[in-house]
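This report refers to the structure that appears directly beneath it.
Since we're looking at a predicted model, the values are computed, not measured.
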Amino acid sequence: MTRIAYSYLRFSTPEQSLGDSSRRQQAKTLEWCEKKEVKLDNLLKFHDLGKSGFTGAHFEEGALGEFFSLVKDGTIKAGSYLVLEAIDRFSRENPMTAAGRLFELVKAGITVVTVDDGEEYSPERLSGRDSNVMLLLVVKLTQAHAESLRKSDLVGQAWEKKKQIARTEKKPITKRCPEWLSIDGGKFVINEERAKIVYRIFEATIDGFGRRSISRRMNELGIPAFRGRKGWQTSSIAKVLSSKAVLGEYQPHVGRHSARNRSPQGEPISDYYPPIIDEKMFWQAQSVITSRQHGSAGRTGVRGAHILKGLAKCGECQSIMHISNKGQKPKGGVYLVCENAKRKMGCDNTKHYRVDETERKLLRALSQLVAEDIDFKRNEADQGSEVMSLSAQLADKETIRGKLLKLVEITDFDDALNERFQQTATEIKELKAKLKKAQADLKMVRSEYDSATRKALLDDLLADIQSADTMKVVATKVKLNAIIRGIVDHVTFSRIPGIQMTITNRSRFHVDTDGTYLIKGGQDIGTIVLLEENASDEAFEAFFGEPRSYFDWG
């Protein structure tokens with residue numbers, strides 16, 4: 001039977017691919033195969049170029065892990081060879097982990113060959129009487145790990161110094177930098193063309209466009225992606241939008257870029273990079289993204305585009321309303337229908353609501369309500385108070401922790417005291433997380449348009465929705481949806497009383513029975529507007545829960 005060998009190459013940094021490492025490893029593998037008269041498989045090649053053998057990345061997400069999988073599923077047969085230059089190419093992990101991985105392969109019938117010393121770790125040799133083979137293997141794995149550990153410590157110390165320089169002198173500490181910057185003469189330089197692209201991404205997001213729509217449009221326009229040849233991806237758009245580097249902030253991390261345990265180290269460094277957008281624009285975008293995550297995300301087609309996206313739900317079962325396209329007018333049209341009713345899941349609200357008519361009703365109501373009546377803006381003072389309250393709580397807990405720490409230092413070990421210290425530390429961690437979120441929310445509040453500005457934007461867009469240009473109408477509806485989501489919490493569809501729009505966070509609440517629209521409100525329910533003009537007595541009673549005569553006191 002022909003014996004088959006598979007080569008495995010690994011080096012830790014991509015830069016090594018430019019040197020002699022790859023050629024040398026391949027040459028030694030081929031030489032061993034020729035000498036042993038073993039056939040080298042040239043179809044399946046296992047190369048981990050730039051994968052660390054110290055962190056286990058080559059096994060968790062690399063070619064070595066793939067080799068293991070192929071052995072397990074039988075693609076690579078027992079009796080085959082895995083040929084590598086030296087044992088440290090196989091692993092530089094903890095000796096127990098590294099040995100365990102190697103023994104797993106050997107038990108599956110694979111012989112691991114290291115060509116630098118001619119060793120063959122086969123099932124027969126490792127299970128034989130000569131214990132020196134096993135002992136020497138463990139020693140080599142231990143030495144490989146110890147060397148990597150030493151280098152890791154040295155690199156870690158060097159990085160700590162660099163990060164300290166970043167905090168104090170705010171100078172580039174590595175060749176890496178955001179995609180819209182470069183380094184020239186030891187300073188960050190803005191790439192103006194790429195900075196404009198970043199600006200457009202934020203601008204489109206604030207206008208209500210999602211990552212999928214933005215990436216598709218940028219690819220259609222031929223705007224070159226910052227990385228790769230596959231064009232713009234939703235992930236690359238998300239990376240730009242979430243990066244505070246656009247504000248000039250740098251967050252040091254510990255752990256490798258590809259490692260799962262990578263985490264922030266210390267507080268972010270402000271004014272490290274040159275900012276390319278202002279804070280208001282950044283937080284406006286975050287506010288829109290947050291609102292999309294609460295129900296408005298999804299594909300927006302030409303026919304399916306509507307300003308109620310993420311707002312419409314059934315008033316009778318609280319299910320979401322789905323688009324139902326029944327073809328071209330006049331017999332057809334685009335409708336909203338209750339998902340549960342459509343699927344016969346217990347809701348009797350089978351009525352189909354025309355999207356265009358509903359949009360007209362909602363826009364008409366909003367255009368007639370004056371800016372002061374739609375005081376939808378979240379209360380900045382309340383949000384600021386929350387930040388102040390959490391800051392005070394955090395300061396108090398940190399004071400308590402300091403006192404407890406002194407007691408721990410001067411007192412013999414005490415379980416109760418130690419438990420209290422640990423509990424306080426946990427509470428501090430939780431308060432910091434809450435404070436961070438509250439501070440972000442406050443920035444979002446400050447970035448939002450005031451009611452008069454949003455009302456003016458709304459009025460400007462109403463004419464565009466009547467355009468004969470289909471793509472312009474779609475873009476306008478996306479923008480309108482983004483604006484309306486700052487005013488309207490949701491729109492419910494019921495057979496009786498009809499379609500209702502709920503506006504939240506109003507400063508004044510009242511019941512209106514005399515105007516064109518029926519309006520009711522309260523601190524708990526927000527403000528609800530019945531979009532049916534000149535409502536019938538039946539709709540009136542269903543809306544208010546009382547007959548019209550109940551309000552006629554005069």
Handout entry: Set of ring-ring contact (aromatic ring centres under 6.0 Å, His included) partners for Phe226, sequence neighbours left out
Key = Trp232
Completion exercise
Taken in chain and number order and not counting sequence neighbours, the residues that satisfy side chain to side chain contact (heavy atoms under 4.5 Å, CB included) with Glu37 are none
Practice task
With sequence neighbours left out, write down each residue that passes ring-ring contact (aromatic ring centres under 6.0 Å, His included) with Phe46, or none if nothing qualifies.
Solution key: Phe67
Handout entry: Sequence-distant partners of Glu249, side-chain hydrogen bond (donor to acceptor under 3.5 Å, both in side chains), two or more places apart
Key = none
Practice task
Tell me, please, which residues at least two apart from Lys36 pass salt bridge (Lys or Arg N to Asp or Glu O under 4.0 Å).
Solution key: Glu120
Exercise for the section: Using the test salt bridge (Lys or Arg N to Asp or Glu O under 4.0 Å), find all partners of Arg125 that sit at least two apart in sequence or belong to another chain. Expected result: Glu119
Practice task
Only counting residues at least two apart or in another chain, list the ones meeting salt bridge (Lys or Arg N to Asp or Glu O under 4.0 Å) with Arg343.
Solution key: Glu339
Completion exercise
Taken in chain and number order and not counting sequence neighbours, the residues that satisfy side chain to side chain contact (heavy atoms under 4.5 Å, CB included) with Gln318 are Lys313
Problem - Lys72: side-chain hydrogen bond (donor to acceptor under 3.5 Å, both in side chains) partners, not counting sequence neighbours - result: Glu104
Fill in the blank from the handout: Quick note, side-chain hydrogen bond (donor to acceptor under 3.5 Å, both in side chains) partners involving residues 183-195, not counting sequence neighbours, are none
Exercise for the section: Can you sort out the partners of Leu126 under side chain to side chain contact (heavy atoms under 4.5 Å, CB included), two or more places apart, ordered by chain and number? Expected result: Leu102, Phe103, Val106, Tyr121, Val133, Met134, Leu137
Handout entry: By side chain to side chain contact (heavy atoms under 4.5 Å, CB included) - contacts of Lys436 (at least two apart)
Key = none
